[in-house]
Amino acid sequence: MEPMEITAGRLHLRPWRPADAEVVAEALRDPEIRRWATRTPEEPDARTWIADRTAGWADGSSASFAITDATTGEVLGHIRLRTPGDGAGEVGYWILAGARGRGVAGHAVGAVARWAFACLDLSRLDLRHAAENPASCRVAQKGGFALTRLLTEPSWDEGDETVEVHLHTLSHG
Ligand SMILES: CC(C)(COP(=O)(O)OP(=O)(O)OC[C@H]1O[C@@H](n2cnc3c(N)ncnc32)[C@H](O)[C@@H]1OP(=O)(O)O)[C@@H](O)C(=O)NCCC(=O)NCCS
């Protein structure tokens, strides 16, 4: 997949770059991001994390964007669209602690959904989050994603065996 940039009002979405390693390292240390978004017991290495996101563009498996302030270029968060190839995509995201509560995630999800439906020929987008993460549930609701299923999945946290998950879906058209 050709790396893309998307400007959506006050946000600019662009591929991650090696020079973003410091801000990625900060995010990967954030307890909320580690709890809800990265789902690994160990803190991943920032350069490896960026290389993995870059590889997703090259092999067509995912499109990962740094969410930045369109005016200042400041990195505010991350959004990824996985494209498993069955006409459906799945979005995931995190926002840096200092940029939360300003509608950034909802705005970025809307921008990626419009791009996915217009340019990638996808017919459906899924969004899943832990049931205990009401902020992410609100992002899904604001993006027009309907709550379609309640799932019980194996936990990424060694202390718990399962986790309750909301699956939200947005259909094209
Ligand atoms: C979840 C997250 C992405 C939201 O990002 P954000 O840019 O702050 O989201 P928005 O500002 O677009 O919207 C957040 C909404 O959740 C609401 N919210 C925040 N905390 C909440 C809580 N504890 N209970 C209920 N609603 C909550 C906000 O009020 C807001 O809704 P509103 O616009 O109706 O007021 C961000 O908090 C984050 O990165 N958290 C850690 C990682 C994570 O959870 N990633 C998602 C994994 S599925």
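Residues: numbered from 1 along the sequence shown. In listed order, ligands and their atoms are each counted from 1.
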Tell me whether [atom] lies less than 4.0 Å from at least one protein heavy-atom position.
| atom | value |
| --- | --- |
| atom 28 (C) of ligand 1 | no |
| atom 34 (O) of ligand 1 | yes |
| atom 2 (C) of ligand 1 | no |

Could you grab the distance from atom NE2 of His107 to atom CD1 of Ile95, nearest 0.5 Å is fine?
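Result: 11.5 Å between the selected atoms.
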What distance do Glu164 atom CD and Glu153 atom CD have between them, rounded to the nearest 0.5 Å?
9.5 Å
Any heavy-atom pair between the side chains of Leu125 and Leu81 that's under 4.5 Å?
yes
Taking the side chain as every heavy atom from C-beta outward, state whether Met1 and Leu120 have any atom pair closer than 4.5 Å.
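Yes - at least one pair of side-chain heavy atoms lies under 4.5 Å apart.
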Please say whether [X] places an N or O atom under 3.5 Å from an N or O atom belonging to ligand 1.
| X | answer |
| --- | --- |
| Asn133 | yes |
| Gly101 | yes |
| Ile95 | yes |
| Ala99 | no |
| Trp36 | no |

When you look for heavy atoms under 4.0 Å from ligand 1, do you find them on the side chain of [X], its backbone, both, or neither?
| X | value |
| --- | --- |
| Leu127 | neither |
| Arg138 | side chain |
| Asp30 | neither |
| Arg102 | backbone |

Mind telling me whether Trp94 and Trp49 have parallel, tilted or perpendicular rings, with 30° and 60° as the class edges?
tilted
Report yes or no: is the cationic atom of Arg53 (NZ for Lys, CZ for Arg) closer than 6.0 Å to the six-membered ring centre of Trp57, at no more than 45° off its axis?
no
What protein heavy atom sits nearest [atom], and how far off is it?
| atom | result |
| --- | --- |
| atom 20 (N) of ligand 1 | Ala135 CB, 3.6 Å |
| atom 40 (N) of ligand 1 | Arg100 NE, 3.8 Å |
| atom 13 (O) of ligand 1 | Lys142 NZ, 3.0 Å |
| atom 4 (C) of ligand 1 | Val139 CG2, 3.8 Å |
| atom 45 (N) of ligand 1 | Tyr93 O, 3.0 Å |

Could you walk me through whether Tyr93 and Val112 pass the side-chain contact (heavy atoms from CB on, under 4.5 Å) test, one step at a time?
CA-CA 11 Å; Tyr93 42 77; Val112 166; over 6 Å; no
On a heavy-atom basis, I'd like to know which of [options] is closest to [atom].
| atom | options | result |
| --- | --- | --- |
| atom 24 (N) of ligand 1 | Ser136, Ala105, Pro134 | Pro134 |
| atom 42 (C) of ligand 1 | Glu32, His129, Arg34, His107 | Glu32 |
| atom 11 (O) of ligand 1 | Gly103, Ala27, Gly106 | Gly103 |

Within a reach of under 6.0 Å around [atom1] of [X], are more than 12 heavy atoms found that belong to other residues, nucleotides or ligands?
| X | atom1 | result |
| --- | --- | --- |
| Asp121 | CG | no |
| Arg82 | CZ | no |
| Arg47 | CZ | no |

For ligand 1, which atoms sit closer than 4.0 Å to a heavy atom of Arg128?
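In order of number, 48 (S).
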Within ligand 1, which atoms have a heavy atom of Val104 less than 4.0 Å away?
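The list of qualifying atoms is 7 (O), 12 (O).
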Report the C-alpha separation of Val91 and Leu170 in whole Å, then their side-chain angles, then the decisive distance to 0.1 Å, and conclude whether the side-chain contact (heavy atoms from CB on, under 4.5 Å) test is met.
CA-CA 11 Å; Val91 286; Leu170 180 67; over 6 Å; no
Pairing donors with acceptors under 3.5 angstrom, does anything connect the side chains of His12 and Thr7?
yes
Where do Trp16 and Val75 land on the side-chain contact (heavy atoms from CB on, under 4.5 Å) test, with the steps shown first?
CA-CA 10 Å; Trp16 286 99; Val75 175; 3.7 Å; yes
